[in-house]
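Before any comments, here is the structure.
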Amino acid sequence: MTTSGAMNRGPIKAVFFDIGETLINEGEIYGRWADWLGVPRHTFLAKLGAVLATGGTHMDLLEYFRPGFDLEKEERLRAAAGIPAGFGPQDLYPDARDCLAALRAQGLYVGVAGNQPVRAAEQFAALGLEADVVGISDVWGLSKPDRRFFARCAAECGLPPEEILYVGDRIDNDVRPALAFGMQAAFLRRGPWGHIQHDEQALRGCTFVLDDLAVLPELVARHNAA
(Lines give C-alpha, C1' and ligand atoms only; values in the text may rest on other atoms or scores of the structure.)
Protein backbone atom coordinates (compact mmCIF):
# COMPACT_ATOMS: atom_id res chain seq x y z
CA MET A 1 0.00 0.00 0.00
CA THR A 2 1.16 3.51 -0.79
CA THR A 3 0.10 6.27 1.59
CA SER A 4 0.44 10.01 1.49
CA GLY A 5 0.59 12.55 4.29
CA ALA A 6 1.19 15.43 1.91
CA MET A 7 -1.86 17.56 2.60
CA ASN A 8 -0.18 20.36 4.55
CA ARG A 9 3.25 20.33 2.95
CA GLY A 10 4.57 22.73 0.34
CA PRO A 11 5.58 22.05 -3.25
CA ILE A 12 8.36 19.66 -4.15
CA LYS A 13 10.95 21.06 -6.55
CA ALA A 14 13.73 18.49 -6.13
CA VAL A 15 13.79 14.78 -5.37
CA PHE A 16 16.89 13.02 -4.04
CA PHE A 17 17.18 9.24 -3.92
CA ASP A 18 19.18 6.94 -1.70
CA ILE A 19 21.03 4.21 -3.62
CA GLY A 20 21.08 0.81 -1.91
CA GLU A 21 17.64 -0.84 -1.78
CA THR A 22 16.09 2.33 -3.18
CA LEU A 23 17.51 2.30 -6.71
CA ILE A 24 19.81 -0.72 -6.46
CA ASN A 25 18.62 -4.19 -5.44
CA GLU A 26 21.31 -5.49 -3.10
CA GLY A 27 19.97 -9.04 -2.90
CA GLU A 28 22.34 -10.45 -5.49
CA ILE A 29 25.17 -8.32 -4.11
CA TYR A 30 24.77 -10.01 -0.72
CA GLY A 31 24.38 -13.32 -2.50
CA ARG A 32 27.74 -12.90 -4.20
CA TRP A 33 29.34 -12.18 -0.82
CA ALA A 34 27.75 -15.35 0.57
CA ASP A 35 29.20 -17.34 -2.34
CA TRP A 36 32.62 -15.79 -1.80
CA LEU A 37 32.58 -16.67 1.90
CA GLY A 38 31.29 -20.17 1.25
CA VAL A 39 28.04 -19.65 3.16
CA PRO A 40 24.66 -20.83 1.82
CA ARG A 41 22.76 -17.80 0.58
CA HIS A 42 19.63 -18.44 2.63
CA THR A 43 21.77 -18.73 5.79
CA PHE A 44 23.65 -15.54 4.96
CA LEU A 45 20.47 -13.55 4.32
CA ALA A 46 18.72 -14.92 7.41
CA LYS A 47 21.67 -13.84 9.54
CA LEU A 48 21.62 -10.43 7.82
CA GLY A 49 18.04 -9.90 8.99
CA ALA A 50 18.92 -10.96 12.52
CA VAL A 51 21.92 -8.62 12.62
CA LEU A 52 19.94 -5.64 11.33
CA ALA A 53 17.08 -6.30 13.76
CA THR A 54 19.49 -5.88 16.67
CA GLY A 55 20.99 -2.66 15.29
CA GLY A 56 24.01 -4.18 13.56
CA THR A 57 25.40 -3.47 10.11
CA HIS A 58 26.51 -5.43 7.05
CA MET A 59 30.06 -5.27 8.40
CA ASP A 60 28.95 -7.12 11.54
CA LEU A 61 27.48 -9.77 9.23
CA LEU A 62 30.73 -10.22 7.32
CA GLU A 63 32.71 -10.29 10.56
CA TYR A 64 30.41 -13.00 11.93
CA PHE A 65 31.12 -15.36 9.07
CA ARG A 66 34.79 -14.45 8.79
CA PRO A 67 36.28 -13.14 12.07
CA GLY A 68 38.86 -10.43 11.41
CA PHE A 69 37.20 -9.65 8.08
CA ASP A 70 39.18 -7.08 6.07
CA LEU A 71 36.89 -5.49 3.48
CA GLU A 72 39.59 -3.88 1.34
CA LYS A 73 41.62 -7.08 1.24
CA GLU A 74 38.62 -9.23 0.33
CA GLU A 75 37.55 -6.79 -2.39
CA ARG A 76 41.06 -6.93 -3.90
CA LEU A 77 40.95 -10.72 -3.85
CA ARG A 78 37.51 -10.73 -5.46
CA ALA A 79 38.65 -8.35 -8.18
CA ALA A 80 41.70 -10.53 -8.89
CA ALA A 81 39.40 -13.54 -9.14
CA GLY A 82 37.16 -11.75 -11.64
CA ILE A 83 34.30 -11.31 -9.16
CA PRO A 84 34.36 -7.57 -8.43
CA ALA A 85 32.27 -6.13 -5.62
CA GLY A 86 29.63 -3.48 -6.18
CA PHE A 87 26.69 -3.27 -8.56
CA GLY A 88 25.87 -3.17 -12.25
CA PRO A 89 22.88 -2.72 -14.58
CA GLN A 90 21.49 -6.13 -13.58
CA ASP A 91 21.09 -4.87 -9.99
CA LEU A 92 18.97 -1.83 -10.86
CA TYR A 93 15.39 -2.07 -9.60
CA PRO A 94 13.04 -2.20 -12.63
CA ASP A 95 11.03 0.82 -11.47
CA ALA A 96 14.05 3.09 -10.92
CA ARG A 97 14.85 4.29 -14.44
CA ASP A 98 11.29 5.27 -15.38
CA CYS A 99 10.72 6.97 -12.03
CA LEU A 100 13.72 9.28 -12.37
CA ALA A 101 12.91 10.06 -16.00
CA ALA A 102 9.27 10.88 -15.19
CA LEU A 103 10.25 13.24 -12.38
CA ARG A 104 12.71 15.09 -14.61
CA ALA A 105 9.98 15.33 -17.24
CA GLN A 106 7.96 17.29 -14.68
CA GLY A 107 10.78 19.84 -14.55
CA LEU A 108 12.04 18.71 -11.16
CA TYR A 109 15.67 18.57 -10.09
CA VAL A 110 16.56 14.90 -9.61
CA GLY A 111 19.49 13.87 -7.46
CA VAL A 112 20.98 10.63 -6.22
CA ALA A 113 22.91 10.65 -2.96
CA GLY A 114 23.80 7.71 -0.74
CA ASN A 115 26.35 6.06 1.48
CA GLN A 116 28.61 4.27 -0.97
CA PRO A 117 32.33 3.67 -1.57
CA VAL A 118 34.27 5.71 -4.12
CA ARG A 119 34.01 3.00 -6.79
CA ALA A 120 30.21 3.39 -6.79
CA ALA A 121 30.53 6.73 -8.62
CA GLU A 122 31.83 5.01 -11.76
CA GLN A 123 29.42 2.09 -11.39
CA PHE A 124 26.45 4.42 -11.07
CA ALA A 125 27.52 6.57 -14.01
CA ALA A 126 27.54 3.41 -16.16
CA LEU A 127 23.81 2.93 -15.49
CA GLY A 128 22.96 6.02 -17.55
CA LEU A 129 20.10 7.18 -15.32
CA GLU A 130 18.56 10.63 -15.67
CA ALA A 131 19.91 12.55 -12.70
CA ASP A 132 21.23 16.07 -12.28
CA VAL A 133 23.76 15.04 -9.65
CA VAL A 134 25.09 11.83 -8.12
CA GLY A 135 26.48 12.17 -4.62
CA ILE A 136 28.66 9.39 -3.20
CA SER A 137 29.42 9.64 0.50
CA ASP A 138 33.07 8.56 0.23
CA VAL A 139 33.57 11.11 -2.56
CA TRP A 140 31.84 13.90 -0.67
CA GLY A 141 33.55 12.98 2.61
CA LEU A 142 30.12 13.09 4.25
CA SER A 143 27.80 10.23 5.10
CA LYS A 144 24.28 9.79 6.41
CA PRO A 145 22.86 10.41 8.91
CA ASP A 146 25.16 13.44 9.30
CA ARG A 147 23.21 16.67 8.87
CA ARG A 148 25.96 17.98 6.59
CA PHE A 149 25.17 15.25 4.06
CA PHE A 150 21.66 16.62 3.62
CA ALA A 151 22.99 20.18 3.59
CA ARG A 152 25.22 19.14 0.67
CA CYS A 153 22.16 17.83 -1.19
CA ALA A 154 20.42 21.16 -0.68
CA ALA A 155 23.51 23.06 -1.82
CA GLU A 156 23.74 20.94 -4.98
CA CYS A 157 20.24 21.85 -6.12
CA GLY A 158 20.21 25.38 -4.68
CA LEU A 159 16.81 24.95 -3.03
CA PRO A 160 15.59 25.33 0.55
CA PRO A 161 15.19 22.03 2.42
CA GLU A 162 11.39 22.24 2.56
CA GLU A 163 11.23 22.06 -1.25
CA ILE A 164 13.33 18.87 -1.40
CA LEU A 165 11.98 15.33 -1.06
CA TYR A 166 14.46 12.67 0.09
CA VAL A 167 13.51 9.08 -0.76
CA GLY A 168 15.04 6.13 1.10
CA ASP A 169 14.48 2.71 2.59
CA ARG A 170 15.90 3.39 6.05
CA ILE A 171 14.25 5.25 8.89
CA ASP A 172 17.51 5.80 10.78
CA ASN A 173 19.69 6.95 7.86
CA ASP A 174 17.10 8.50 5.54
CA VAL A 175 13.77 9.50 7.05
CA ARG A 176 14.70 10.85 10.47
CA PRO A 177 17.75 12.92 9.40
CA ALA A 178 16.02 14.29 6.30
CA LEU A 179 13.05 15.44 8.38
CA ALA A 180 15.36 16.85 11.04
CA PHE A 181 17.12 18.93 8.39
CA GLY A 182 13.75 20.31 7.24
CA MET A 183 13.34 18.25 4.09
CA GLN A 184 10.28 16.28 3.10
CA ALA A 185 10.76 12.51 3.21
CA ALA A 186 9.41 9.44 1.45
CA PHE A 187 9.91 6.08 3.11
CA LEU A 188 10.28 3.16 0.70
CA ARG A 189 9.29 -0.17 2.25
CA ARG A 190 11.61 -2.57 0.47
CA GLY A 191 14.85 -4.33 1.23
CA PRO A 192 15.82 -5.61 4.69
CA TRP A 193 15.86 -2.23 6.45
CA GLY A 194 12.57 -1.20 4.87
CA HIS A 195 10.80 -4.14 6.46
CA ILE A 196 12.72 -4.45 9.72
CA GLN A 197 12.74 -0.82 10.86
CA HIS A 198 9.56 0.80 12.10
CA ASP A 199 8.87 4.13 13.78
CA GLU A 200 5.28 5.31 13.69
CA GLN A 201 6.18 8.89 14.59
CA ALA A 202 8.74 9.10 11.79
CA LEU A 203 6.27 7.62 9.30
CA ARG A 204 3.66 10.20 10.27
CA GLY A 205 6.20 12.87 9.35
CA CYS A 206 6.68 11.46 5.85
CA THR A 207 5.10 13.08 2.84
CA PHE A 208 4.79 9.62 1.26
CA VAL A 209 5.13 6.01 2.37
CA LEU A 210 5.79 3.82 -0.67
CA ASP A 211 5.92 0.16 -1.61
CA ASP A 212 7.65 0.91 -4.93
CA LEU A 213 8.89 3.85 -7.00
CA ALA A 214 6.46 3.42 -9.89
CA VAL A 215 3.79 5.50 -8.14
CA LEU A 216 6.06 8.33 -7.01
CA PRO A 217 5.94 10.60 -10.11
CA GLU A 218 2.13 10.67 -10.06
CA LEU A 219 2.06 11.30 -6.30
CA VAL A 220 4.50 14.20 -6.65
CA ALA A 221 2.55 15.66 -9.57
CA ARG A 222 -0.71 15.49 -7.61
CA HIS A 223 0.96 16.95 -4.55
CA ASN A 224 2.37 19.90 -6.50
CA ALA A 225 -0.90 20.50 -8.34
CA ALA A 226 -2.73 20.75 -5.03
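All heavy atoms count here, side chains included; hydrogens, waters and symmetry mates do not. From a predicted model like this one, the values you see are computed outputs, not experimental measurements.
Both cation-pi conditions hold for Lys47 and Tyr64: the charged atom is under 6.0 angstrom from the six-membered ring centre and inside a 45 degree cone around its axis.
With rounding to the nearest 0.5 angstrom, the CZ atom of Arg148 is 13.5 Å from the SG atom of Cys153. Atom CG in Leu48 sits 9.0 Å away from atom CG in Leu62 (nearest 0.5 Å). The distance from atom CG of Leu165 to atom CG of Leu216, rounded to the nearest 0.5 Å, is 6.5 Å. How far CD1 of Ile196 is from CZ of Arg189: 15.0 Å, rounded to the nearest 0.5 Å. Taking CD of Glu21 as the reference point, atom CG of Asp169 lies at 6.0 Å (rounded to 0.5 Å). Atoms CG and OG1, from Leu219 and Thr207 in turn, are 10.5 Å apart once rounded to the nearest 0.5 Å.
Salt bridge status for Asp212 with Arg190: absent, with no side-chain N to carboxylate O gap under 4.0 Å. In summary, Glu218 and Arg222 engage in a salt bridge, as defined by a charged side-chain N under 4.0 Å from a carboxylate O. Electrostatic pairing of Arg41 and Glu28 counts as a salt bridge here, judged by a charged N lying under 4.0 Å from a carboxylate O. Salt bridge Asp18/Arg170: absent, no basic N to carboxylate O contact under 4.0 Å.
Between His223 and Phe208, the ring-plane angle classifies as perpendicular under the 30° and 60° cut-offs. Between Phe150 and Tyr166, the ring planes lie perpendicular to each other; the angle is over 60°, past the 30° to 60° tilted range.
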Name the atoms and distances for all side-chain donor-acceptor pairs under 3.5 Å in residues 154-164, with sequence neighbours left out.
from	atom 1	to	atom 2	distance (Å)
Glu156	OE2	Arg152	NE	2.8
Glu156	OE2	Arg152	NH2	3.2

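Counted within 6.0 Å of NZ on Lys13, heavy atoms from surrounding residues, nucleotides or ligands total 12 or fewer; the atom is thus considered open.
In terms of modelled atom types and a separation under 3.5 Å, the side chain of Asp132 and the main chain of Tyr109 share no donor-acceptor contact. Checked by atom type and distance alone, the side chain of Gln197 pairs as donor or acceptor with a backbone atom of Ile171 at under 3.5 Å. At least one donor-acceptor pair closer than 3.5 Å links the side chain of Asp91 to the backbone N or O of Gly88.
One hydrophobic cluster, built from ILVMFWY side chains closer than 4.5 Å, holds both Trp193 and Trp33.
With sequence neighbours excluded, no residue forms a side chain to side chain donor-acceptor pair (under 3.5 Å) with Asp138.
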> Could you walk me through whether Phe17 and Leu188 pass the side-chain contact (heavy atoms from CB on, under 4.5 Å) check?
Replying inline: CA-CA 10 Å; Phe17 293 85; Leu188 180 59; over 6 Å; no
